[in-house]
Amino acid sequence: MASVAVFSSSSYGNFDSPTFVSSGQSSASSFFSQIIGLPITMRVFSAIYGIAIVIVGVLADPDHLPAGPSGVNITRMSVSGNGCPVGTVSYAFNDRKTTLTFSFSNYYVIIGQDYPFPVDKKDCVIRLGMYVPPCHSFTIPTVDYYGYYELDSKVKGVQRTAYWLKSRTKKAFSRLGIKGPFEGGSYHIPLSFDGWPLVRSACCDGEMTLNIENSLRVDNSANNHGSGLIDFVTKGFKTTLNLDWAKCCFDSTCSPQIPNGKR
């Protein structure tokens with residue numbers, strides 16, 4: 001099992017040090033057999049320096065986040081972009097409403113001389129109508145990527161997720177940049193969102209729109225003979241948003257809490 005370095009603009013704790021990821025052994029050439037549903041074992045990474053790993057573990061674990069209120073519900077979903085045509089995206093909450101997971105069937109990029117139909121970029125915008133009961137609000141501090149990554153030498157990959165609420169002007173974003181050689185395998189890569197404390201739903205919005213913008217890029221301009229693949233199509237690969245809930249008022253009349261935002 002090899003170790004490689006993942007450099008991101010928004011890793012947990014916003015550290016400058018790379019996160020080292022352990023990968024499984026696999027080949028990009030098997031991608032087209034993988035997309036018909038063959039199972040792949042996830043290789044979960046763990047390594048950040050010092051005490052930060054403790055903080056990160058608590059932040060990333062949905063069991064340590066406050067549970068969402070009963071009654072939270074997705075009322076509608078629309079999608080746009082070449083990465084998620086209608087009918088290719090599904091979503092699911094966990095029981096505690098602390099994770100919102102998306103699965104895709106058309107969200108991948110692949111490039112290289114061995115592939116007759118290269119696709120170097122995919123975009124996917126998801127708009128969710130969400131009902132949140134009075135006196136509760138949420139923000140999304142972190143995202144977990146579960147996918148397949150493989151890049152030859154000097155081939156670059158970029159993965160980006162941003163989200164915002166229709167009633168808010170602020171946007172939170174997370175960006176992962178990878179430069180090959182990056183050994184092919186199944187990875188779990190967690191990142192934090194820049195600006196997430198400023199993108200919290202209002203206390204009594206009720207019905208709201210959550211916008212999630214995803215993009216994948218792969219570039220072999222520095223090595224024209226190199227190949228690259230980022231795959232979120234294979235069964236088990238997914239993107240998970242981690243929701244941080246707060247109680248923000250005394251009762252259903254939306255009388256403010258003192259101090260404001262106290263849980």
Side-chain angles (χ1 to χ4, degrees), residues 6 8-12 19 21 23 31 34-35 37 39-45 56 59-62 65 68 74 77-94 96-110 119 121-128 130 138-150 157-165 171-178 185-196 199 209-218 229-244:
V6 179
S8 71
S9 63
S10 182
S11 58
Y12 279 148
T19 297
V21 182
S23 74
F31 169 65
Q34 292 168 2
I35 65 175
I40 292 181
T41 301
M42 291 296 171
R43 310 290 183 176
V44 180
F45 97 96
V56 170
L59 184 61
D61 187 350
L65 291 171
I74 302 298
M77 179 178 75
S78 64
V79 297
S80 61
N82 64 341
C84 56
V86 173
T88 66
V89 182
S90 61
Y91 65 84
F93 276 118
N94 68 347
R96 301 179 68 247
K97 300 295 193 295
T98 55
T99 65
L100 179 57
T101 296
F102 296 92
S103 299
F104 306 89
S105 60
N106 196 56
Y107 192 50
Y108 70 93
V109 287
I110 190 167
V119 181
K121 59 184 178 181
K122 286 285 181 80
D123 296 291
C124 174
V125 178
I126 303 170
R127 300 173 185 87
L128 295 179
M130 238 178 125
F138 73 92
T139 186
I140 305 173
T142 61
V143 58
D144 288 277
Y145 297 127
Y146 300 84
Y148 181 94
Y149 301 79
E150 182 170 357
V158 175
Q159 184 168 1
R160 183 179 182 273
T161 300
Y163 75 91
W164 67 98
L165 295 162
K171 179 185 288 190
F173 64 91
S174 181
R175 182 182 183 276
L176 170 68
I178 310 171
S186 307
Y187 292 87
H188 168 202
I189 302 178
L191 298 176
S192 65
F193 283 103
D194 287 341
W196 65 267
V199 189
T209 301
L210 173 63
N211 301 279
I212 306 153
E213 184 179 78
N214 305 280
S215 66
L216 291 175
R217 300 287 187 270
V218 65
L229 167 65
I230 303 176
D231 166 26
F232 277 80
V233 171
T234 303
K235 184 178 179 180
F237 292 167
K238 57 191 178 183
T239 295
T240 296
L241 304 177
N242 299 302
L243 281 65
D244 182 22

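Each residue takes its place number in the sequence, starting with 1.
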According to side chain to side chain donor-acceptor pair (under 3.5 Å), who are the partners of S80, at least two apart in sequence or on a separate chain?
R127

Compare every heavy atom of F173 with every heavy atom of R160, then report the nearest pair and how far apart it is.
NH2-CB, 4.1 Å

What's the shortest heavy-atom distance between F102 and L128, and which atoms?
CZ-CD1, 3.7 Å

Quick one: closest heavy-atom pair of K121 and N82, and the distance?
O-ND2, 3.2 Å

With the side chain counted from C-beta on, respond yes when F193 and L241 share a heavy-atom pair under 4.5 Å apart, and no when they do not.
yes

Separation between NZ of K97 and CG of L65, rounded to the nearest 0.5 Å
14.5 Å

Taking side chain as C-beta onward, heavy atoms only, is F93 less than 4.5 Å from I74?
yes

N214 vs F232, test: side chain to side chain contact (heavy atoms under 4.5 Å, CB included). Steps then yes/no.
CA-CA 12 Å; N214 305 280; F232 277 80; over 6 Å; no

Pairwise distance CG(L176) to OH(Y187) - rounded to 0.5 angstrom
11.5 Å

If you apply the rule side chain to side chain contact (heavy atoms under 4.5 Å, CB included), what do you find for Q159 with Y149, and how did you get there?
CA-CA 11 Å; Q159 184 168 1; Y149 301 79; 2.7 Å; yes

Using the ring of each side chain (for Trp, its six-membered ring), is Y146 parallel, tilted or perpendicular to H188, with breaks at 30° and 60°?
parallel

Take L229 and V218 through the side chain to side chain contact (heavy atoms under 4.5 Å, CB included) test and state the conclusion after the steps.
CA-CA 7 Å; L229 167 65; V218 65; over 6 Å; no

Minimum heavy-atom distance between T88 and G83, given as atom pair plus value:
OG1-O, 4.5 Å

Evaluate R217 against D123 for salt bridge (Lys or Arg N to Asp or Glu O under 4.0 Å), listing each step before the verdict.
CA-CA 9 Å; R217 300 287 187 270; D123 296 291; 3.1 Å; yes

Compare every heavy atom of F237 with every heavy atom of S186, then report the nearest pair and how far apart it is.
OG-CZ, 3.7 Å

Can you tell me how far CE of M77 sits from OG of S90, rounded to the nearest 0.5 angstrom?
7.5 Å

To the closest 0.5 Å, what do you measure between OG1 (T98) and CG (L243)?
7.5 Å

Report yes or no: do Y145 and T161 form a side-chain donor-acceptor pair below 3.5 Å?
yes

So do the side chains of Y91 and I212 get within less than 4.5 Å of each other, counting heavy atoms only?
no

State, to 0.1 Å, how close N242 and P141 come at their nearest heavy-atom pair, and which atoms those are.
O-CD, 3.0 Å

Does the pair L210 and L165 meet the rule for a side chain to side chain contact (heavy atoms under 4.5 Å, CB included), with working shown?
CA-CA 5 Å; L210 173 63; L165 295 162; 3.9 Å; yes

Once rounded to the nearest 0.5 Å, what's the spacing between atom SG of C84 and atom OH of Y107?
8.5 Å

Flag side-chain contact, heavy atom, 4.5 Å: V143 against T239
yes

Are any side-chain N or O atoms of N94 and backbone N or O atoms of T99, one a donor and one an acceptor, separated by less than 3.5 Å?
yes

Taking the side chain from K122 and the backbone from N106, do they hold a donor-acceptor pair closer than 3.5 Å?
yes

Considering residues at least two apart in sequence or located in another chain, which fulfil the side chain to side chain donor-acceptor pair (under 3.5 Å) criterion with T139?
Y163

